[in-house]
Amino acid sequence: MQLIDGVPVSRLVGRQGVDPLLAVKIAAQVARGLAFAHRHSTVHRDIKPDNLMVMDDEIVKLGDLGLAMSAQELQGEQAGVFGTPHYIAPEQAMGKPIDHRADIYALGASFYRILTGQTLFTGQTVKEILKKQVRDPHPPVTTHLPDCPPAIVTIIDKMLAKNPAERYQHASDVLNDLENWQS
């Protein structure tokens with residue numbers, strides 16, 4: 001296992017989030033890592049700012065593969081809910097079978113947090129947060145960041161679609177849209 005001597009993205013994110021250019025740079029690097037993992041049939045299942053490490057050279061590493069599973073292992077009904085409540089996809093929160101699109105949702109929730117400084121949902125209990133993940137639309141990015149570029153809002157909204165069929169279907173598609181925006 002590689003020693004990662006970096007800073008978790010969660011430490012960079014204050015109550016106001018980070019600059020949109022930096023947020024996009026981080027999200028694009030994570031999308032690139034997820035595209036690689038997904039091509040190798042691995043679903044991370046716990047994408048969140050605490051598991052994203054920024055190195056001195058500004059390279060972002062995706063860590064903590066403790067919950068990662070192969071796509072084949074994830075085909076059956078899950079015995080419990082795994083992941084971090086603020087970042088898991090609705091299907092994951094319900095204990096339904098998941099695939100790589102759950103990671104795309106989690107990256108969207110992380111991107112939202114990195115950009116705005118806020119989680120999608122708050123609640124007094126884990127159960128309350130999970131119910132909101134399943135049932136409630138997320139507050140628009142512009143609620144917290146009125147000047148957010150519309151293309152970034154659109155990318156995040158597509159990543160956070162409640163229905164996996166309406167989400168980006170591949171992390172490489174997320175990466176393409178982020179790189180197109182950057183250029």
Side-chain angles (χ1 to χ4, degrees), residues 8-10 13 23-24 26-53 60-116 118-123 125-139 141 152-178:
V9 168
S10 58
V13 177
V24 169
I26 291 168
Q29 290 187 58
V30 177
R32 183 175 288 110
L34 285 177
F36 178 85
H38 296 163
R39 278 193 310 274
H40 291 86
S41 297
T42 300
V43 180
H44 189 281
R45 299 194 314 159
D46 199 22
I47 303 295
K48 61 184 178 182
D50 286 330
N51 290 341
L52 310 175
M53 303 293 289
V60 178
K61 302 272 186 167
L62 176 56
D64 192 0
L65 294 163
L67 294 180
M69 294 182 84
S70 72
Q72 294 81 8
E73 292 175 299
L74 292 170
Q75 294 308 306
E77 192 74 21
Q78 300 299 301
V81 175
F82 297 94
T84 304
H86 288 290
Y87 304 98
I88 64 174
E91 63 274 20
Q92 193 172 356
M94 292 185 289
K96 291 184 175 182
I98 63 166
D99 60 23
H100 60 280
R101 295 172 296 180
D103 284 347
I104 292 170
Y105 183 95
L107 175 55
S110 296
F111 190 10
Y112 185 102
R113 170 81 196 289
I114 293 163
L115 194 58
T116 68
Q118 307 298 313
T119 57
L120 296 173
F121 303 107
T122 59
T125 65
V126 168
K127 187 175 182 178
E128 187 178 335
I129 295 166
L130 292 176
K131 280 183 182 179
K132 289 178 181 180
Q133 285 286 24
V134 171
R135 297 180 184 161
D136 297 351
H138 64 275
V141 170
I152 298 305
V153 172
T154 300
I155 291 168
I156 290 172
D157 287 347
K158 187 169 182 178
M159 295 170 77
L160 294 174
K162 297 289 185 192
N163 181 344
E166 296 172 4
R167 253 179 245 149
Y168 283 98
Q169 297 301 292
H170 304 283
S172 58
D173 298 331
V174 176
L175 178 60
N176 287 337
D177 283 355
L178 291 171

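Note that the structure is predicted; figures quoted are calculated from it, not measured. The figures that follow rest on heavy atoms only: side chains count, while hydrogens, waters and symmetry mates do not.
Note on ring orientation: taking the six-membered ring where Trp is involved, the planes of His138 and Tyr112 are perpendicular (angle over 60°, cut-offs 30° and 60°).
Looking at every heavy atom in both residues, Arg113 comes nearest to Pro49 through CG-CG, 4.1 Å. The shortest non-hydrogen separation linking Tyr87 to Ile47 is CB-O, 3.4 Å. Closest heavy-atom contact between Ile129 and Gly123: CG1-N, 3.6 Å. Closest approach of Ala171 to Ala31, counting heavy atoms only: CB-O, 3.6 Å. The heavy-atom pair separating Tyr105 from Leu120 by the smallest distance is OH-CD1, 3.7 Å. The minimum heavy-atom distance linking Pro90 with Gln133 is given by the pair CG-O, 3.3 Å.
Taken to the nearest 0.5 Å, the CG atom of Leu178 stands 4.5 Å off from the CD1 atom of Ile155. For the atom pair CE of Met159 and CG of Leu107, the computed distance is 3.5 Å after rounding to the nearest 0.5 Å. Within the model, atoms NZ of Lys158 and CD of Gln169 stand 8.0 Å from one another, a figure rounded to the nearest 0.5 Å. Considering OH of Tyr168 and CG of Leu160, their distance stands at 10.5 Å, rounded to 0.5 Å. With rounding to the nearest 0.5 Å, the separation of CG in Asn176 from NE2 in His170 is 11.0 Å. Once rounded to the nearest 0.5 Å, the distance linking NE2 of His86 with CG of Leu130 reads 9.5 Å.
Counting only N and O atoms by type, the side chains of Asp99 and His38 include no donor and acceptor under 3.5 Å apart.
Without hydrogens or angle criteria, Gln92 side chain to Ile98 main chain gives no donor-acceptor distance under 3.5 Å. Put simply, the side chain of Asn51 gets close to the backbone of Asp46: a donor and an acceptor are under 3.5 Å apart.
For Ala161, the side-chain contact (heavy atoms from CB on, under 4.5 Å) criterion is met by Glu166, Arg167, not counting sequence neighbours. Partners of Ala23 by side-chain contact (heavy atoms from CB on, under 4.5 Å), not counting sequence neighbours, listed by chain and number: Val18, Phe111, Ile114, Leu115.
Inter-residue side-chain proximity for Ile104 and Val174 is flagged as met; some heavy-atom pair is nearer than 4.5 Å.
Identified under the salt bridge (Lys or Arg N to Asp or Glu O under 4.0 Å) test for residues 126-136, with sequence neighbours left out: Glu128-Lys132.
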- Could you walk me through whether Leu34 and His100 pass the side-chain contact (heavy atoms from CB on, under 4.5 Å) test, one step at a time? CA-CA 8 Å; Leu34 285 177; His100 60 280; over 6 Å; no
